Amino acid sequence: MEKLKTLFKSKADALSTEIKDVLKEHGSKKIGEVQLAQIYQGMRGITGMVYEPSLLDAQEGIRFRGYTIPELQQKLPKAKGGQEPLPEGLFYLMLTGELPSDADVLELSKDWANRAKNTPAHVWKAIDALPKETHPMTQFVVGVMALQTESIFSKKYAEGVNKKEYWALTFEDSMNLIARLPQIAAYVYNRKYRQAAVIEVDANLDWSANFAKMIGYDNAGFSELMRLYFTIHADHEGGNVSAHTTHLVGSALSDAYLSFAAGMNGLAGPLHGLANQEVIKWIKEMQKTIGTETPSGEQIAAYVQKTLSDGKVVPGYGHAVLRKTDPRFTAQQEFAKKHMPADPMVNTVWKIFETVPPILNSLGKIKNPWPNVDAHSGALLLHYGMKEYEYYTVLFGVSRALGVRAALCWSRALGFPIERPKSVTHENVKAWLKGEDTIWE
Ligand code: NMX
Ligand code: MLT
């Protein structure tokens, strides 16, 4: 992938010069104020980092290098006979800021298939050391950590490489990691739910179709779903838990494997990526409690009230930044309308969408009553037969690698420093309120 690497380097050099000039001239300008409440409440609304691959707007949703999801569906190269974008193309776009040609994407698919060969046997042995019942996200992270032995960056760093080379070594690590993730994810699925087997990737298939084939879902519809899925989950600007964690850990010069594994541990939390499993678990419990596969609006409303009065969240609803229906939810709804409009679980997800927002709104404290990406994804997977909902977050993780590894390449190329925000104690705050401490002044 010398062409991609050279293109990336030329873009990074240009941006690096631009950033130096901007900081020289405007570095002391204020970009906002921090209120006391923000440091107690998850740093919401504090702009604290520069992150190139994507940008989130609270009203409109995500744009990847300026393109919305419908635009990506139109402009990115597709598989032969397919209608959904190939995630390889999105990675190319996030890395370079340019839309790839069909040939660029084909080359990337082949390159990743090639890089996925000969995964060291100790990766499978490390996963095998865990009990089968271990959550799939834990097995996935252990596989990624075992693969860290392959980090070129870490080897060269130990030998004493010049910092000007960091970006190129990180580019190689990122490409190798992304290439092997579908195989690791497939190993976890097969080991837990089918028959443990190391399946080699097929150089004639794209990244998503390879994954589908490795887990035994060898059908065109599921491969198309995987292309859409791996595209829309790939990035959500830099502040979400998984992207920010990988950025933070990566800033210590922890390599692409270490920092990605750290981010995946964040994705495995129920308020973040694990919400996709929680949604299906919650719907199944509701169906069982009510005694029907297709509950009415009134029945759903009563179940939502019970969930809230039990002190639980309604999974798949709300967002820390978005204030409208997540366009990733809409993209999945459109896919379902096209491919499975009569599916009962899909229809239940749509009925929940009609019912839940007014209830959450009426509580008066929830800033966003609308569905997020996780409210819809499980129903599509179930349609194609993937009923093992504990596995769903692994799919989110495979996809998220695309955004956060493109971001790490940028961080290395731009020479971003170690991240280290300031913290204070509540005692400091009280003393400051009494005029006895000047920590912020
Ligand atoms: N159900 C019930 N209560 C909620 C929900 C919900 N779906 N969303 C927010 N709230 C509550 C929240 O717990 C908080 O309550 P309290 O003051 O008692 O602590 C209050 O409403 C205000 O929260 P917000 O400021 O609206 O939301 P915040 O930015 O803190 O959290 C989420 C954002 C996404 C963590 C939250 O909406 C949530 O827990 N949603 C359900 C879990 C989920 O779907 N997560 C996936 C997010 C997308 N992803 O993939 O990462
Ligand atoms: C994400 O995709 O990372 C989630 O929507 C969470 C977020 O953006 O905070």
Side-chain angles (χ1 to χ4, degrees), residues 1-4 76-92 100-125 127-128 136 139-140 143-144 146-147 150 172-234 260 339 380-381 384-386 388 391-392 394-402 405:
M1 294 306 297
E2 279 314 305
K3 193 182 142 214
L4 179 62
L76 284 180
K78 325 245 173 333
K80 226 181 197 163
Q83 294 179 320
E84 299 301 336
L86 286 162
E88 288 89 326
L90 177 60
F91 178 73
Y92 187 108
S101 66
D102 287 0
D104 292 330
V105 164
L106 188 65
E107 201 186 338
L108 199 46
S109 287
K110 291 218 175 294
D111 181 78
W112 286 353
N114 208 27
R115 286 172 190 263
K117 282 184 194 148
N118 305 320
T119 302
H122 69 260
V123 171
W124 318 125
K125 284 194 194 139
I127 298 173
D128 285 344
Q139 300 198 37
F140 181 58
V144 171
L147 198 58
E150 306 311 289
E172 292 303 326
D173 273 357
S174 298
M175 296 280 277
N176 290 337
L177 171 62
I178 291 170
R180 283 180 166 151
L181 283 179
Q183 201 191 23
I184 295 179
Y187 188 80
V188 171
Y189 187 82
N190 291 331
R191 172 173 190 256
K192 195 162 164 76
Y193 306 115
R194 296 169 79 222
Q195 186 70 41
V198 178
I199 302 170
E200 291 303 330
V201 300
D202 181 342
N204 295 313
L205 293 178
D206 57 87
W207 195 63
S208 315
N210 249 313
F211 172 71
K213 187 177 168 193
M214 284 189 276
I215 59 163
Y217 285 70
D218 206 356
N219 79 68
F222 188 75
S223 293
E224 274 289 270
L225 174 62
M226 285 296 97
R227 292 178 190 121
L228 176 69
Y229 193 111
F230 289 153
T231 297
I232 64 175
H233 288 79
F260 178 67
H339 299 288
L380 303 180
L381 295 165
Y384 291 102
M386 188 182 272
E388 302 90 356
Y391 183 76
Y392 294 170
V394 175
L395 300 176
F396 196 155
V398 170
S399 169
R400 187 49 56 102
L402 300 176
R405 290 314 60 174

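Only a predicted model underlies this, so the values are computations on that prediction, with no experimental measurement involved.
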Qualifying salt bridge (charged side-chain N to carboxylate O under 4.0 Å, His left out) pairs with a residue from residues 193-203, counting only residues at least two apart or across chains: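 Residue pairs passing salt bridge (charged side-chain N to carboxylate O under 4.0 Å, His left out), neighbours aside: Asp202-Lys213.
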Short question: side chain of [X], backbone of [Y] - any donor-acceptor pair under 3.5 Å?
X: Glu88; Y: Trp207; result: yes
X: Tyr391; Y: Tyr193; result: no
X: Arg180; Y: Trp112; result: no
X: Ser399; Y: Phe230; result: yes
X: Lys192; Y: Asn190; result: no
X: Glu224; Y: Gln83; result: yes

Check: Ser208/Arg227 side-chain N/O donor and acceptor closer than 3.5 Å: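 No, Arg227 and Ser208 have no side-chain donor paired with an acceptor closer than 3.5 Å.
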Distance-only side-chain donor-acceptor flag, Glu388 / Tyr189, under 3.5 Å: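 On atom types as modelled, these side chains qualify, holding a pair under 3.5 Å.
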Might you point out which heavy atoms bring [X] and [Y] nearest each other, and give the distance in Å?
X: Ala186; Y: Met214; value: CB-CB, 3.6 Å
X: Val123; Y: Ala146; value: CA-CB, 3.9 Å
X: Asp206; Y: Ala79; value: OD2-CB, 4.1 Å
X: Leu205; Y: Asn210; value: O-ND2, 3.2 Å

Partners passing ring pair (Phe, Tyr, Trp, His ring centres under 6.0 Å) against Tyr229 (at least two apart in sequence or in another chain):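 Tyr229 satisfies ring pair (Phe, Tyr, Trp, His ring centres under 6.0 Å) with His233 once adjacent residues are dropped.
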